[in-house]
Structure formats: C-alpha cells, structure tokens
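Within every chain, numbering begins at 1; the chains are lettered A, B, ... in the order of the sequence lines, protein sequences first and strands thereafter. Remember, it's a predicted structure, so these values are computed and weren't measured experimentally.
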Amino acid sequence: MGESTSAELPDWPRTEAEAVAAQERLREAADLVGPGPGPEQVRTVAGVDVAYADDGGLVAAAVVLDAATLTVLDEAVHVGRTDFPYVPGLLAFRELPSVMAALRGLSRHPRPDVVVCDGYGVAHPRRAGLAVHLGVLTGLPCFGVAKTPFLFEYAQPGHERGAWTPLTIGGEQVGRALRTRAGVKPVFVSVGSRIGLDNACALTLRLARTYRQPETTRRADRLARRGLAEHRGRSAGREGSGEGKVTPLS
DNA sequence: GCGACAG
DNA sequence: ATCTTGTCGC
C-alpha cells in the first residue's frame, strides 16, 4: 500500500532540494530552437490533466484529438497517487509521473504530434515549467497554456480573439498573453520543447474556438474528473483496489 | 527575512 | 487543485 507514482520514473526527486537541482539540469535538455510543427504538420494533439482527491489519490488523463476536427481519437486514464506536495514552481514533480503513465496507456495514438499542458513551459523561475519537463520526458513537441499568470508582467491584449501581448519576466519574453475569445480573460502560452511560440499560439487558437481554454485541456480535465468520481464510487466498498491501472479507450 | 506563486 | 447554489445568457 502507498506506493508512490514517483517510483515509476528512475531518479525522480523526492525532496524540494532535489527537485530544484533537477530543474537546473533540465533547462539544458529542452529543445528551444526551430519553429517546430506548424498547423499544416499537426494532425494529432494530446491534452493532459490531473484531478486530485484530498488524500493523495489522483487520476491522470490523456486525450488525443484530431487537430482539424477536434474529434477524440484516443484517451487513457491512470489511477494512482502522489506523495509530492503542491509547491509553487515544482508542480511537475507532483503531476508528471502520473501523466506519463496515462500517456503510456494511449493504444491508438501513443505518439501525438504535439502535447498541450495545463500550466507553464519556459515561463517559470528556472525556465523549467510543466511543459518543459513533459517535452523532455516524452521527446514530443510540447507547450503549456495556463489560466493565471504568476511572477510575470504583461499588458492587456486587444479585445478581439487572436490579440496577444508579450509575457515577460525581468524584461525577458517567456510567453504570450493570448486572447482566445473576444472580451474574455486571455490565456498564457509558453513553449516547453521542440515547438516555437508562434506555432504554439497558432495551435492554441485552433484548439480554442468556442471556449477560453483549448479543447485538449477541457477534454483531459473532464476525463480526469470523471475518472476520479468513478474511482471514489468504486473504492467506497472495495478499499484500495484499482490502483496503478491504466484504462485504454475501447 | 517573509510571503506569494502554475495546478 | 478542491470545497460549493443559484443565476444569467447563448
């Protein structure tokens, strides 16, 4: 009982000090050159998210969409747990082992063209946010779309959909505040690895036509929440069963 | 020095 | 993230 998802990845940090040291090495491993795949090259896009119970239990979800039609092509969930607490700046160490497990459960499209994270990429104190970690771990083009800015400065983008302004930290541009819906709060896009900011924003706009957040994030969020609710119901009479399982789409 | 800070 | 009711509007 109580096996941590952290045990699934070799040398995964268990303390804050180890995690910070790991991030300082990670920033070198990110691929930040080149425009990466543009709208013409991207056929499949994955979204990932995690829903938490109050006891360390969690459900991670991965969903693959057709980038053109936004149809669901594949999905998988991982039921597990984490021992790493939420620490600002260290979110990756709490979420990613479970996210990797969910991605391994994708049976039809295990290697999507791009992965979209719910959070930041290089817009991070050590330039090592969630999307940078996931990009390096998977080797896939990866970027982040966050809902709230922290530690950054930006001007309010224009009112219309598609308007954007630079997201900066200490004068350095680390992303964009991007308006996906007219008159609605912008989202905050930053690259993780193997994709440029222009293409990340273009893809974000393609994925967020009717809602503020990209469809990838919305689908993954829904799937993770549903998985958590179902797991709660199932484990009510059968404590501890179903841990560490991956459920592919049938 | 202390607190705030993606989810 | 999660805890939570109704309510306004397309």
Side-chain angles (χ1 to χ4, degrees), chain A residues 5-6 16 19-20 22-23 26-27 30 47-63 77-102 115-137 142-154 161 167-170 174-178 180-193 197 200 204 208-214 216-232:
Chain A
T5 50
S6 307
E16 291 189 28
V20 169
Q23 286 185 327
L26 184 77
R27 54 196 295 184
V48 294
D49 198 15
V50 182
Y52 297 93
D54 47 27
D55 64 347
L58 59 78
V59 174
V63 178
V77 297
H78 165 83
V79 180
R81 57 183 308 101
T82 181
D83 293 329
F84 208 103
Y86 171 66
V87 179
L90 300 180
L91 180 61
F93 301 96
R94 177 169 171 78
E95 298 222 315
L96 287 195
S98 312
V99 167
M100 291 296 290
V115 181
V116 183
C117 284
D118 186 11
Y120 285 108
V122 297
H124 180 279
R126 288 171 293 278
R127 306 297 182 273
L130 210 47
V132 177
H133 282 263
L134 192 58
V136 169
L137 285 174
C142 187
F143 67 93
V145 179
K147 296 180 289 296
T148 62
F150 76 125
L151 297 181
F152 311 115
E153 303 108 41
Y154 67 98
R161 169 179 153 84
L167 187 67
T168 64
I169 181 166
V174 292
R176 287 178 191 165
L178 176 66
T180 53
R181 292 197 67 188
V184 176
K185 280 194 305 181
V187 295
F188 304 89
V189 180
S190 58
V191 304
S193 191
L197 191 51
T204 299
R209 293 204 156 284
T210 56
Y211 297 94
R212 177 187 177 226
Q213 289 187 244
T216 37
T217 298
R218 299 187 69 249
R219 297 309 272 246
D221 183 84
R222 268 193 4 169
L223 183 57
R225 285 178 196 267
R226 174 161 60 79
L228 189 60
E230 286 173 0
H231 183 252
R232 275 173 171 147

Original post:
Counting just side-chain N and O atoms, does A:Lys147 come under 4.0 Å of either OP1 or OP2 of B:dG7?
Top reply: yes
Subject >> A:Thr148 vs B:dG7: side-chain N/O to OP1/OP2 distance below 4.0 Å >> reply: yes
Starting from [atom2] on [N], measure out to [atom1] on [X] and report it in whole angstrom.
| X | N | atom1 | atom2 | value |
| --- | --- | --- | --- | --- |
| A:Leu130 | B:dC5 | CG | P | 18 Å |
| A:Glu16 | B:dC5 | CD | C1' | 13 Å |
| A:Asp49 | B:dG7 | CG | P | 10 Å |
| A:Arg225 | C:dT2 | CZ | C1' | 8 Å |
| A:Glu95 | B:dG7 | CD | P | 9 Å |
| A:Arg126 | B:dC5 | CZ | P | 17 Å |

**OP:** Would you check if A:Tyr86 stacks with the base of B:dG7, given a 5.5 Å centroid limit and a 30° plane limit, both strict?
**Re:** yes
Subject >> Which nucleotide in B:dC5, C:dC3, B:dA6 has an atom nearest any side-chain atom of A:Ala146 >> reply: B:dA6
Subject >> Among B:dA4, C:dT2, B:dG7, the one nearest A:Leu228 by side-chain distance >> reply: C:dT2
At their closest point, which heavy atom of [X] faces which heavy atom of [Y], and how far apart are they?
| X | Y | result |
| --- | --- | --- |
| A:His124 | A:Phe152 | N-CZ, 3.9 Å |
| A:Pro149 | A:Tyr154 | CG-CE2, 3.7 Å |
| A:Val59 | A:Val77 | CG1-CB, 4.0 Å |

Original post:
Out of A:Asp49, A:Val145, A:Asp118, A:Val116, which one pairs with A:Thr216 under the side chain to side chain contact (heavy atoms under 4.5 Å, CB included) rule?
Top reply: A:Val116
